[in-house]
There are 2 protein chains.
Amino acid sequence: MRDRIPEATVARLPVYLRCLVDMSERGTHRVSSDQLADAAGVNSAKVRKDLSYLGSYGTRGVGYDVEYLIYQVRRELGLEQDWAVAIVGVGNLGHALANYRGFAERGFRIAALLDADGGKVGEELGELTVDHIDDLDRVVKEEQVAIGIIATPAPAAQEVCDRLVAAGVTSILNFAPAHLQVPAGVSLRKVDLSTELQILSFHEQRRAAVDLVRQVAARNREADAGPRPPAGD
Amino acid sequence: MRDRIPEATVARLPVYLRCLVDMSERGTHRVSSDQLADAAGVNSAKVRKDLSYLGSYGTRGVGYDVEYLIYQVRRELGLEQDWAVAIVGVGNLGHALANYRGFAERGFRIAALLDADGGKVGEELGELTVDHIDDLDRVVKEEQVAIGIIATPAPAAQEVCDRLVAAGVTSILNFAPAHLQVPAGVSLRKVDLSTELQILSFHEQRRAAVDLVRQVAARNREADAGPRPPAGD
DNA sequence: TCCTGTGAATTCGTTCACAGCC
DNA sequence: GGCTGTGAACGAATTCACAGGA
């Protein structure tokens, strides 16, 4: 097999793919690393290095063929096939995820919704009916579910995760704010909404602190130099 | 000011914080870097290095005081104050985010919901009423909104982003699958649901490929060695 | 003895800069 | 002349390993 693709590159391929699909839909058939870099919000050296891990699909002096590159990126990401996804936890977030159009558009078929709450079992949501979590094994087998999404409260997440793994699911996307353990051979990714806001808070606060220092400095200058100091940078 | 904290460390502080709060609620008052590392799913050297950026708050031979560490991490992340958040786009995802309890619990007050769709304006959601996006300036000023969440479709995202920035919002969390431009001095973070699934797809596919190679290899061994070869690893 | 705090070593990721091909 | 593909240089993040304080 070809040399392993760095994880950082894998994480950017979906972004490139989206840009390429946009371009293709707008009728663009050729793209340079510079243009793709602009669209994706990275620099062109990164684009070239990332794409070079897939193979030499560009033409020197010309650029990349958009359709062909889409094909190659999709192949590399395993998007030639559709994947069946099960969502566990049909609260607010589970609902939103179940209704999210973007999944189906990109080849991720929501094949099952499950919940531990008997009150939710049987609820209709689009074409799907909510199943009880105890049916997980059966559903995973019947629908060939490869990816599980955990959208439960944090305390339930690890048990749900274990049951998904036991049922044969080998990729898990966790929205519960908890750190989950999975055995080797299972991929786990996490989306943590509060964490994102807390990271923003950190930067927001630092800006506020810097502003404060500036203001004080400005006031000192004012006091030293008398009224109307020139506006600094 | 103290030496800059690496971005990778900032991204982990919220995780540590959650673990510490959990521990505190369970009555644990002291923690070693090993225990915290276990809880957070990282290794202990990382924990120690990360925490050392905040200062020397541990005790050699003993560990860290949970409450004190919580205080320090919260302070560093700017969580001593509450932040007002505006959500733009009240579709499925916007709804789910507006109802998400985790935000309020961690000091992020949803102060406003906005949408461009006149049909949604006036809709009640908990204590809030959906405002029209044209009221953004007023709302940001009245509520002192510091953080904006974009939960619109991709085509609307950049314009919404520009309007948030123009209104004085300096931190933005983007859920729309689009790359946004912001001026320097504005923090932007992105959560891309499809991207996450596509990354899982990559690994899922690779596993399938490896399995296939193994199966073929096993079948070849079988053919060479006759029936019942010993199960390899 | 136990566990933190941190330089040093290492690994991983990004960017530079240019040879090579169109 | 233009743009890719890629070694080499650089920088960031992780991990090692141990000195030093409780």
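Order of the sequence lines fixes the chain letters, A, B, ..., with proteins taken first and strands second; residue numbering starts at 1 for each chain. Any value given below was found using the heavy atoms of this structure, including those in side chains, with hydrogens, waters and symmetry copies removed. Fair warning: this is a prediction, and the values are worked out from it, not measured in the lab.
Atoms CG (L69(A)) and P (dC3(D)) sit 16 Å apart, rounded to a whole Å. Between D50(A) atom CG and dT4(D) atom P there is a gap of 13 Å when expressed in whole angstrom units. Atom-to-atom, CG of D65(A) to P of dT4(D) comes out at 13 Å; the value is rounded to the nearest Å. Atoms CG (L36(B)) and C1' (dG5(C)) sit 15 Å apart, rounded to a whole Å. Straight-line distance from the CZ atom of R48(A) to the P atom of dA17(C): 13 Å, rounded to whole Å. Separating the CG atom of L51(A) from the P atom of dT4(D) is a distance of 9 Å, rounded to the nearest angstrom. Summarising the geometry, the separation between CZ on R30(B) and P on dC3(C) is reported as 10 Å, rounded to the nearest angstrom. One interatomic measurement links the two molecules: CG of L13(A) to C1' of dG13(C), which rounds to 15 Å at whole-angstrom precision.
If you find the closest nucleotide of DNA chain C to E7(A) and to D34(B), the one lying nearer the 5' end belongs to D34(B). Nucleotides of DNA chain D nearest to K49(B) and Y64(A) differ in position, and the one nearer the 5' end is that of Y64(A). Along DNA chain C, the nucleotide nearest to T9(A) and the one nearest to V62(A) differ in position, and the one closer to the 5' end is contacted by T9(A).
When the side-chain nitrogen and oxygen atoms of R12(A) are compared with OP1 and OP2 of dT14(C), one or more of them lie within a distance under 4.0 Å. Listed pair S33(B) / dT4(C) meets the phosphate criterion, a side-chain N or O lying under 4.0 Å from OP1 or OP2.
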Hey, mind stepping through E204(B) and S187(A) against side-chain hydrogen bond (donor to acceptor under 3.5 Å, both in side chains) and telling me if it holds? CA-CA 8 Å; E204(B) 191 67 32; S187(A) 305; 5.6 Å; no

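With distances taken from any side-chain atom of R60(B) to the nucleotides dT14(C), dT4(D), dG5(C), the minimum falls on dG5(C). For S32(A), counting side-chain heavy atoms from C-beta on, the closest listed nucleotide (dA13(D), dT4(D), dG5(D)) is dT4(D). The side chain of K46(A) lies closest to dT14(C) when the candidates are dT14(C), dG5(C), dC16(D). In this structure, of dA22(D), dC3(D), dG5(C), it is dA22(D) that holds the atom nearest to the side chain of T59(B). The side chain of A45(A) has dC16(C) as its nearest neighbour among dG5(D), dT4(C), dC16(C).
In summary, the aromatic rings of Y64(B) and Y57(B) are positioned with their centroids too far apart to meet the 6.0 Å limit.
If you run side chain to side chain contact (heavy atoms under 4.5 Å, CB included) between L114(B) and each of T152(B), L136(B), V160(B), only L136(B) comes through.
Minimum heavy-atom separation, I110(A) to A98(A): CG1-O, 4.5 Å. Residues L13(A) and V73(A) come closest through the heavy atom pair O-CG1, 3.8 Å.
Within 4.0 Å (heavy atoms only), N43(B) reaches sugar-phosphate atoms of the nucleic acid but no base atom.
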